[in-house]
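First comes the structure, then the notes that go with it.
For clarity, every value in this text was computed on a predicted model and none was experimentally measured. Lettering follows sequence order; numbering is per chain, from 1.
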Amino acid sequence: MKERYDPKEVEIKWQSKWKESRIFEPEPDDRKKFFITIPYPYLNGNLHAGHTRTFTIGDVIARYKRMIGYNVLFPMGFHATGTPIVGLVEQIVKKDPETIRVYNQLHQIPMEVLESIKTPENIVEYFSIEAEAAMKSIGFSIDWRRKFTTTEPHYKKLITWQFNLLHSLDKVVKGAHPVRWCPNDENPVEDHDILKGEDATIIEYTLIKFNLDGDILPCATLRPETVFGVTNLWINPKIVHMRLKVNDETWIVSKDAYDKLKYSDKSIELIDQVNGDTLIGKKVINPVTGSSVLILPASFVSPENGSGIVMSVPAHAPYDYLALRDLKGADLTVYGITEDVSSIPLIALIKVPEYGKYPAVDAVTELKVKDQNDPKAEEATKIVYRREFHGGVLTETTGKYAGMSVSKIKDVLTHDLIEQGIADVFYEFSEQPVICRCGATCVIKMVKDQWFLNYSEPSWKEQVYKCLAGMQIIPPELRVEFENKIDWLKDKACARRKGLGTRLPWDMEWIIESLGDSTIYMSYYIIAKYLDKFEPEQLKAEFFDYCLLGKSTAQNASSSTGIDIGIINAIRNEFLYWYPVDLRSSGKDLIPNHILFFLFHHVAIFPETHWPKSIAINGFVSLEGQKMSKSKGPILTLRSAVEEYGADITRLYILSTAEHVQDADWRNADIEATRKQFERFYKIAYDCLTEENNTNSDSTCELKFIDKWMLSKMQYRIIETTDALNRMQTRRAVQNAFYHIINDMKWYERRGGCASKKDILNTWVRLMAPFTPHICEEIWEQLGSGFISLNSFPEADISLIDRSAELAEEITGNTLKDIEEILRLIKLKPTRVVLYTAASWKKNILKKAIMMKKDNVLDMKTLMNALMSDPLMRPHAKDIPKFAQKTINDVQGMENELMVSLTETDFDETSALKESMDFLKRIVECDVEIYNADDAGYDPQGKSRIAVPMRPAIYIE
RNA sequence: GCGGGGGUAGCCAAGUGGUCAAAGGCGACAGACUCAAGAUCUGUUUCAGCAGUGAUUCAAGGGUUCAACUCCCUUUCCCCGCACCA
């Protein structure tokens with residue numbers, strides 16, 4: 001161990017020793033196993049600070065588990081399937097300036113390398129080498145024998161097997177789904193291809209088919225339940241409508257709606273045009289209630305929204321109510337309407353606590369909305385909608401749906417109506433327009449004949465809920481998030497036309513989408529170790545059936561694949577040993593995709609005993625307050641961080657800067673501070689080890705309060721660190737194992753503690769080993785034998801917890817603080833400091849009060865009675881009430897631990913202070929005297945009277 | 001809109017009923033060391049105070065309690081996800 005800390009030297013030394021000794025290459029044995037995985041990185045860039053955080057947390061847990069006796073499997077692979085790598089190659093090959101800049105300057109790829117990249121394979125090769133080197137440089141304890149890339153032929157065999165299996169289980173089905181579509185490019189539009197309307201989402205409307213003499217007038221609505229309250233339809237008389245043949249029906253819709261329908265999965269044929277005004281005054285049949293309602297004119301109806309035909313529900317929609325009211329007295333005879341339409345009776349169907357029978361009417365009255373053009377109409381609509389959605393219940397008007405809450409009805413009702421053929425689904429963007437990069441306006445297209453993983457299937461979801469219920473989620477608050485996401489997940493298109501990946505085995509023109517192929521790859525880590533034992537073609541279904549599922553026999557698997565039966569047995573046994581996954585630790589961005597699919601596929605394929613055990617989630621990392629971006633910057637690569645600060649400091653910093661799902665902000669000023677603290681740690685260790693060699697007095701020196709205090713403190717640090725690690729609170733763990741102990745050591749040295757430094761260091765280094773393994777190995781080399789990485793994690797020794805020593809240090813520290821505060825205020829250089837510890841009668845009162853608190857009988861009356869009956873107390877009768885009252889207040893809020901310490905130890909304040917007298921003298925630079933108030937000695941101002949337990953009185957000259 | 005997470009001193013950030021004027025870090029200021037700078041160490045950093053104290057604070061407002069940053073209600077602001085993309 002050198003006097004000056006050189007991270008690089010230490011890190012290279014230990015990384016190569018670990019490698020030579022193969023200490024992170026576990027084989028099954030009789031220990032308990034722990035299988036931890038981190039999502040493999042996607043190879044379209046270098047590992048950055050975000051990866052650094054997620055992976056370091058995983059490595060710390062792996063190292064910790066190893067030190068507490070588990071046989072730990074911590075493997076790593078690389079993800080390369082999908083489209084981004086293909087896209088990146090295209091950009092690099094055509095020398096896109098922005099791409100070249102980002103990858104050359106931010107990802108730090110030399111120009112000659114960039115120029116040599118021609119194929120996706122080049123990218124995969126380059127980044128996989130870089131990523132492995134990066135992970136090694138920061139000291140992750142990964143078993144590298146098991147690495148693989150998802151584009152390898154062997155791996156594709158697993159995916160083929162998996163999808164065949166899912167297909168046979170009816171988990172992969174054919175269907176159609178809506179996508180954002182550019183009519184000009186004739187392609188789905190991805191996020192980064194959108195010029196305008198990036199936030200637009202696809203909204204599903206229900207289309208209700210009103211009947212007009214055989215023609216269908218479809219009305220799009222987000223609230224299908226209101227069909228029960230329709231009093232009329234609205235049509236804009238100035239708009240030309242289209243009559244269409246839609247499948248077997250005839251529809252009338254606006255021109256815009258016609259354009260949209262062309263991209264749906266229906267067959268559409270234009271018949272002729274219909275002017276809006278010719279429809280007004282006619283009567284249509286409400287397909288749900290069977291009632292006949294009038295079509296009325298309304299200028300507010302816009303052809304761009306929905307079908308261009310609107311159903312009117314004045315009882316619950318302020319606009320409809322207002323429009324109807326506005327028609328009062330209007331002359332509609334031109335449309336053949338002679339009745340007074342404003343007297344059409346409203347139909348209520350939702351009961352909501354805030355309003356009477358007609359919520360729209362009440363809202364309009366309440367907000368004093370004038371007419372349909374009043375901006376407040378919008379507000380009224382929002383309020384009514386929100387209140388009805390959250391608190392509304394359907395009334396008898398809705399027949400069999402009566403009593404259901406509005407928030408639950410939509411899906412059920414839509415489903416029912418579609419089944420009866422009286423409704424349909426209509427898609428619309430949440431905001432318009434959505435413009436493609438090419439300039440064209442995007443539409444929503446139904447992609448037909450698409451392959452889906454039918455995640456929405458209730459029995460599949462049921463299994464996932466069951467799996468989740470049996471899992472530990474870290475942090476626990478996130479469980480509800482998982483439940484919501486499972487609930488939200490719909491069928492997922494799982495095949496694409498382009499990108500890297502495995503072909504769908506039964507429909508070879510499709511490539512399996514790259515999220516679907518990243519779901520059970522954890523099982524492949526077990527196989528990946530044996531890749532040199534067989535060719536890809538040998539990995540037939542029988543192989544996976546037996547090795548992963550135990551179907552049939554090893555003999556059969558061997559004979560149908562030609563793989564040695566010994567290998568087959570070894571793989572099966574290893575699988576049974578390592579599976580299931582004990583912990584999957586990931587960034588929070590992967591919850592709604594990778595992590596969720598990981599659960600779905602595991603429950604579909606594996607028996608319950610092999611379902612995952614726990615999931616841990618962590619937040620992102622930003623740089624000096626700015627969001628990182630792989631493709632635009634800023635970005636900080638793992639390698640450059642390690643280059644600049646060293647592996648251990650980088651690890652320590654990223655672990656300590658935020659907890660769990662909280663986002664971390666990487667700040668150079670802060671990591672510099674970590675570096676300084678770390679160098680201090682190194683110096684303490686170095687001094688301790690070299691002192692030990694020179695003098696031998698330490699171990700023979702008698703233990704003082706301060707030494708016992710340090711040992712005691714250490715036990716708490718161990719307890720806290722262990723507890724934090726068990727909850728995967730790495731920040732808290734580092735606080736305790738590092739920062740708090742540093743501060744303890746500061747105080748310890750300042751107080752002149754001398755004993756057991758080496759013992760303390762021994763514990764401390766082992767406590768730190770999961771976080772900063774390199775330096776700890778380096779120190780351990782001088783302290784113990786073997787690798788610290790394989791040594792045991794410290795366990796707290798309760799017998800070393802010393803409450804008297806803690807009280808002694810507390811009183812010393814507090815007294816010093818008080819003296820310093822007085823000195824600061826009186827601004828004098830002291831010549832004499834006199835301390836008086838509290839009189840014994842006060843200590844008695846405190847103890848009595850604590851005892852009463854324990855028995856739950858503490859109050860002023862009881863305490864006074866007890867005190868006054870004690871003859872020894874009588875001399876102080878005058879002072880007792882005031883002190884007793886104060887004591888009661890103190891004791892009410894006193895921590896249990898302290899009460900125990902005060903009553904159950906034979907701690908003596910005077911002797912504790914006497915022991916630290918030399919220290920106090922040194923700090924205040926004058927003579928210090930200590931008396932007990934019972935026998936005050938020198939006390940010119942009678943200060944001893946104000947002394948209370950744990951708070952000596954002070955007199956300064 | 002739906003769902004999730006947040007709002008604590010100049011900044012970052014602990015803190016789920018009493019040990020809290022509130023850990024830790026950064027920054028700032030002062031002192032020690034130094035010819036000096038840096039590093040390091042010590043202290044201060046809401047306000048007032050020449051005796052260890054007092055007053056007012058934890059987004060805003062209200063409530064529960066002997067006691068609230070901590071529990072409940074209302075309001076408000078910020079961040080993230082809402083998909084076929086890894």
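When distances run from any side-chain atom of A/Leu825 to the nucleotides B/A51, B/A14, B/G5, the shortest one goes to B/A51. Out of B/C41, B/G4, B/C84, the shortest distance to the side chain of A/Val480 is found at B/G4. Side chain of A/Asn593, nearest nucleotide from B/A86, B/C11, B/G4: B/A86. Of the candidates B/G81, B/G52, B/A86, B/G52 carries the atom nearest the A/Ile822 side chain, counting heavy atoms from C-beta on. In this structure, the nucleotide among B/C41, B/A23, B/C84 sitting nearest to the side chain of A/His177 is B/C84. Candidate nucleotides B/G52, B/A83, B/G25 were compared by shortest atom distance to the side chain of A/Trp488, and B/A83 ranks first. Picking from B/G52, B/A86, B/G25 the nucleotide with the shortest atom distance to the side chain of A/Gln677 gives B/G25.
A/His660 is linked by a ring pair (Phe, Tyr, Trp, His ring centres under 6.0 Å) to nothing, counting only residues two or more places apart in sequence or in another chain.
A salt bridge links A/Lys492 and A/Glu513; the closest N-O separation between the charged side-chain nitrogens and carboxylate oxygens is under 4.0 Å. Here A/Glu481 does not pair with A/Lys588 in a salt bridge; the nearest charged N to carboxylate O distance is not below 4.0 Å.
Base pairing of B/U40: its partner is B/A32, meeting the Watson-Crick or G-U wobble criterion (both donor-acceptor distances under 3.5 Å). Remark: B/U46 base-pairs with B/A55. Criterion, Watson-Crick or G-U wobble with two distances under 3.5 Å. In this structure, B/U65 makes no Watson-Crick or G-U wobble pair, since no nucleotide meets both defining distances under 3.5 angstrom. In this structure B/C82 sits in a base pair with B/G1, meeting the Watson-Crick or G-U test at under 3.5 Å. In this entry B/U76 has B/G7 as its Watson-Crick or G-U wobble partner, both defining distances falling under 3.5 Å.
Nucleic acid contact class of A/Lys588 (heavy atoms, under 4.0 Å, all strands): none. Within 4.0 Å of A/Ser518, counting heavy atoms only, lies no atom of the nucleic acid at all. A/Ile826 comes within contact range of at least one nucleobase, with a heavy-atom separation under 4.0 Å. Heavy atoms of A/Phe620 sit nowhere under 4.0 angstrom from any nucleic acid atom. Among the atoms of the strands shown, base atoms are found under 4.0 Å from some heavy atom of A/Asp491.
Using a 30° and 60° split on the angle between ring planes, A/Phe678 and A/Phe738 fall in the tilted class, from 30° to 60°.
A donor-acceptor distance shorter than 3.5 angstrom exists from the side chain of A/Arg53 to the backbone of A/Phe620, with no hydrogens or angles considered.
Scanning atom types as modelled, no donor and acceptor separated by under 3.5 angstrom connect the side chain of A/Asn484 and the base of B/G3.
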